[in-house]
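Letters go in sequence order (proteins before strands), and every chain restarts at 1.
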2 protein chains.
Amino acid sequence: MFSSKPYLDINKLVKWNLEFDLGLTNKSVKKGDVFLKEGQPCKHLYYILKGFVRIYYLDLEGNQITHWFCADDAIITSPFSYVKGERNILYFEAMEDTELVLISASQLNTLIQHVPELGEGMRQMNAEFAMILSRRIMSIHTQTAEERYLNLMEQHPLLFQKAKLSQIASFLGITQQSLSRIRKNL
Amino acid sequence: MFSSKPYLDINKLVKWNLEFDLGLTNKSVKKGDVFLKEGQPCKHLYYILKGFVRIYYLDLEGNQITHWFCADDAIITSPFSYVKGERNILYFEAMEDTELVLISASQLNTLIQHVPELGEGMRQMNAEFAMILSRRIMSIHTQTAEERYLNLMEQHPLLFQKAKLSQIASFLGITQQSLSRIRKNL
DNA sequence: TTACTTTTTTACCATAGGTTAAATTTTTCC
DNA sequence: GGAAAAATTTAACCTATGGTAAAAAAGTAA
């Protein structure tokens, strides 16, 4: 759903890791693993080398609400926790076997000190992320659930092979029954 | 709705403007003025020294949909245009007499070269903005319109003195008639 | 295959919010 | 103040989506 490639080249990152002795760590997670849970502080950015991750949270009744789907080259974190130190409410679930590179805040700062233009890149990345979120709010305010579903199908067809319809439904902001009804009516 | 104060101190900005000869410009707009329109490229960040601004866009039927309300010390821009150079779709309307400081991308870059920690600040500001947008999507997905209205009343009571109910309704994602009905049922 | 579990669909009714139109209240301006 | 315009409320009706429950389909494992 979002690629960080224009802002952070993973090959360069690997090179810088050696050059500046950053000590970045890797993490492999199996399909189905929930590698970040509500209440666990999120101390890293996660660069998804390869795989597919669903970010969700729980509503008051305990239902999982999908907040985001993330594929190769996405950089994800729980901003509430990572940036502001607030209690983390997000779950990160690997929807398939996934390879991650973990980047702590201090490692990122060190890296940016050595490569100042990366600071600009990260700033732009955050700005683009805010834009994507703005667009999503706009689509909620101007489109029907059916239109949002058709857009998603068109823009991310692979998503429907990797995620359950119930997970996609909550991402679209509707129940799985409503999504099923929308699909029936084509 | 959002203050940039933790990330950019306006007094320092004024000082830096002189110190580094940035050439920042000011702009005064009268109540009711629409100082950015759809199709006009947005070349600046706007620092709101004093005033109140509504950001809106038009849906397919031409209805104004309020995207954001912004008060003193907010930094606003049309990210689609400012960051990505895409066609601007946002309108910026002064809801009361408003004093702005304009910051171009090149001025910002110059400033960050002189004050590197400001780059980090801007990055965090963008991250916080993404968080606020995430929270808004979450509230749409987990709360009723009535709950969102009550939250808004509680968190931004002054907003209801400055904005029309129809403008607040579209911000909440409902029609003005629905908002009226919600208010009647207390 | 069969049995079992999970996911998806279907159906029925309930409800929040949309649509249209008109009435009412508030604001603006002469 | 009073007329006109704008904003807000009210009402009747309509529609999309939610809630519940059950059936059907798909996936999994022995």
Side-chain angles (χ1 to χ4, degrees), chain A residues 30-34 52 54 56 58-66 69 93-97 136-153 157 159-186, chain B residues 30-34 52 54 56 58-66 69 93-97 136-153 157 159-186:
Chain A
K30 290 272 165 216
K31 178 174 179 172
D33 280 0
V34 178
F52 199 73
R54 180 173 72 107
Y56 67 90
L58 304 181
D59 69 10
L60 291 177
E61 286 86 42
N63 304 305
Q64 295 181 2
I65 313 288
T66 301
F69 293 106
E93 175 191 29
M95 308 280 292
E96 57 187 42
D97 291 357
R136 195 161 156 210
I137 292 173
M138 289 175 174
S139 78
I140 293 170
H141 284 173
T142 60
Q143 298 186 300
T144 63
E146 181 172 330
E147 290 170 325
R148 296 200 303 278
Y149 166 73
L150 290 172
N151 279 353
L152 193 61
M153 281 272 281
L159 176 60
F160 291 78
Q161 296 167 16
K162 298 185 176 181
K164 309 242 162 75
L165 286 172
S166 58
Q167 298 169 338
I168 292 173
S170 69
F171 178 74
L172 290 170
I174 56 177
T175 61
Q176 116 187 32
Q177 294 90 324
S178 289
L179 179 54
S180 195
R181 174 167 38 203
I182 286 169
R183 285 158 61 86
K184 189 172 75 162
N185 301 342
L186 277 135
Chain B
K30 289 273 166 216
K31 179 175 181 170
D33 280 1
V34 177
F52 199 72
R54 179 173 72 108
Y56 66 91
L58 303 181
D59 68 11
L60 291 176
E61 286 86 43
N63 306 306
Q64 295 181 1
I65 312 287
T66 302
F69 294 106
E93 176 192 29
M95 308 279 293
E96 57 185 42
D97 290 357
R136 194 161 157 210
I137 292 173
M138 289 176 175
S139 78
I140 293 169
H141 283 174
T142 60
Q143 297 186 300
T144 63
E146 181 172 330
E147 289 170 326
R148 297 201 301 278
Y149 166 73
L150 290 172
N151 279 353
L152 192 62
M153 281 273 280
L159 175 61
F160 291 78
Q161 295 169 17
K162 298 185 176 181
K164 309 246 161 71
L165 285 173
S166 58
Q167 299 169 337
I168 292 173
S170 69
F171 178 73
L172 290 170
I174 56 177
T175 61
Q176 117 186 32
Q177 294 88 326
S178 289
L179 179 54
S180 196
R181 173 165 40 199
I182 287 169
R183 285 159 58 87
K184 189 172 75 162
N185 301 342
L186 278 140

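- Taking atom CD of residue Q167(A) and atom P of nucleotide dT8(C), one finds them 8 Å apart after rounding to whole Å.
- As rounded to whole Å, 14 Å separates atom C1' of dA7(D) from atom CD of Q64(B).
- Across its full length, the helix from dT1(C)-dA30(D) to dC30(C)-dG1(D) shows an angle of 50° between the axes of its 5 terminal pairs at either end, rounded to 10 degrees.
- Contact between the side-chain N/O atoms of R183(A) and the OP1/OP2 oxygens of dT9(C) is found at a separation under 4.0 Å.
- Remark: of the listed residues K164(B), R54(B), K162(B), R54(B) is the sole one forming a salt bridge (charged side-chain N to carboxylate O under 4.0 Å, His left out) with E93(B).
- The side chain of S166(B) places no N or O atom within less than 4.0 Å of a non-bridging phosphate oxygen (OP1 or OP2) of dA7(D).
- Residue K184(B) places at least one side-chain N or O closer than 4.0 Å to OP1 or OP2 of dA11(D).
- In this structure, S178(A) reaches the dG18(D) phosphate: one of its side-chain N or O atoms is under 4.0 Å from OP1 or OP2.
- In this structure, the CZ atom of R148(A) is 11 Å from the C1' atom of dT17(D), given to the nearest Å.
- Rounded to whole Å, the distance from CD1 on I168(B) to P on dA7(D) is 13 Å.
- Rounded to whole Å, the distance from NZ on K164(A) to C1' on dT28(D) is 12 Å.
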Expected rows: protein N/O vs nucleotides 27-30 of chain C N/O, under 3.5 Å:
none

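- Contacts of R181(B) with the nucleic acid, taken as non-hydrogen atoms under 4.0 Å apart, include base atoms.
- Residues F171(A) and L152(A) have side chains in contact (heavy-atom distance under 4.5 Å, counting atoms from C-beta outward).
- When each of dG17(C), dT17(D), dT20(C) is scored by its nearest atom to the side-chain atoms of Q177(B), the top-ranked nucleotide is dT20(C).
- Picking from dT9(D), dG17(C), dG18(D) the nucleotide with the shortest atom distance to the side chain of I174(B) gives dG17(C).
- To the nearest angstrom, C1' of dA16(D) lies 15 Å from CG of L172(A).
- Nearer the 5' end of DNA chain D, as judged by each residue's closest nucleotide, is the contact made by S180(B), out of E146(A) and S180(B).
- Ring planes of F69(B) and F52(B): parallel class, angle under 30° (limits at 30 and 60°).
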